[in-house]
Amino acid sequence: MDELLRFLHARYEADNHAYAEVAYRFGGDAILDSHLPMLDLVDMLAREYEAMDPSDTRLAGLRYALRVLTQSYAEHPDYRAE
């Protein structure tokens with residue numbers, strides 16, 4: 001799970017840099033309909049997972065949700081299905 005979280009954090013950072021570049025070049029209106037809010041939510045879930053107590057009953061559900069969300073990066077060269 002640690003590798004999956006590192007992968008998600010790296011994708012979040014790279015995607016945010018890409019959106020920042022678009023906003024810089026074309027103005028803030030260019031990202032109004034972007035997936036930026038969703039990226040923030042996924043990163044928030046990953047950070048919550050990292051901070052959770054291992055005995056928390058929600059841990060399994062959050063682990064599953066993060067695995068499903070990570071599948072949106074299946075075309076990325078660093079993505080690993082396992």
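For reference, positions follow the sequence shown, starting with 1. Not measured: the values here are computed from a predicted model.
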With sequence neighbours left out, what residues match [X] under side chain to side chain donor-acceptor pair (under 3.5 Å)?
X: Glu50; result: His9
X: Arg25; result: Glu21
X: Arg67; result: none
X: Tyr73; result: Asp15

Applying a strict under-4.5 Å side-chain criterion to I, L, V, M, F, W and Y, I'd like to know whether Leu69 and Met44 cluster together.
no
Which distance, rounded to the nearest 0.5 Å, do you find between the CG of Leu62 and the CE of Met52?
5.0 Å
Partner set under side-chain contact (heavy atoms from CB on, under 4.5 Å) for [X], not counting sequence neighbours:
X: Glu3; answer: Arg6, Arg80
X: Asp78; answer: Phe7, Arg11, His76
X: Tyr64; answer: Val68

Salt bridge (charged side-chain N to carboxylate O under 4.0 Å, His left out) against Arg58, all qualifying residues, sequence neighbours excluded
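Checked Arg58 against salt bridge (charged side-chain N to carboxylate O under 4.0 Å, His left out); matches are Asp56.
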Which is it for Met1 and Leu66 under the side-chain contact (heavy atoms from CB on, under 4.5 Å) test, yes or no, and what are the steps along the way?
CA-CA 9 Å; Met1 193 65 185; Leu66 289 170; 3.9 Å; yes
Distance-only donor-acceptor hits, side chain of residues 30-42, under 3.5 Å, sequence neighbours excluded:
from, atom 1, to, atom 2, distance (Å)
Ser34, OG, Ile31, O, 2.8
Ser34, OG, Leu36, N, 3.2
Asp40, OD1, Tyr12, OH, 2.8

Check which hydrophobic residues are tied to Tyr24 through side-chain heavy-atom contacts below 4.5 Å, counting indirect links as well, and list them.
none
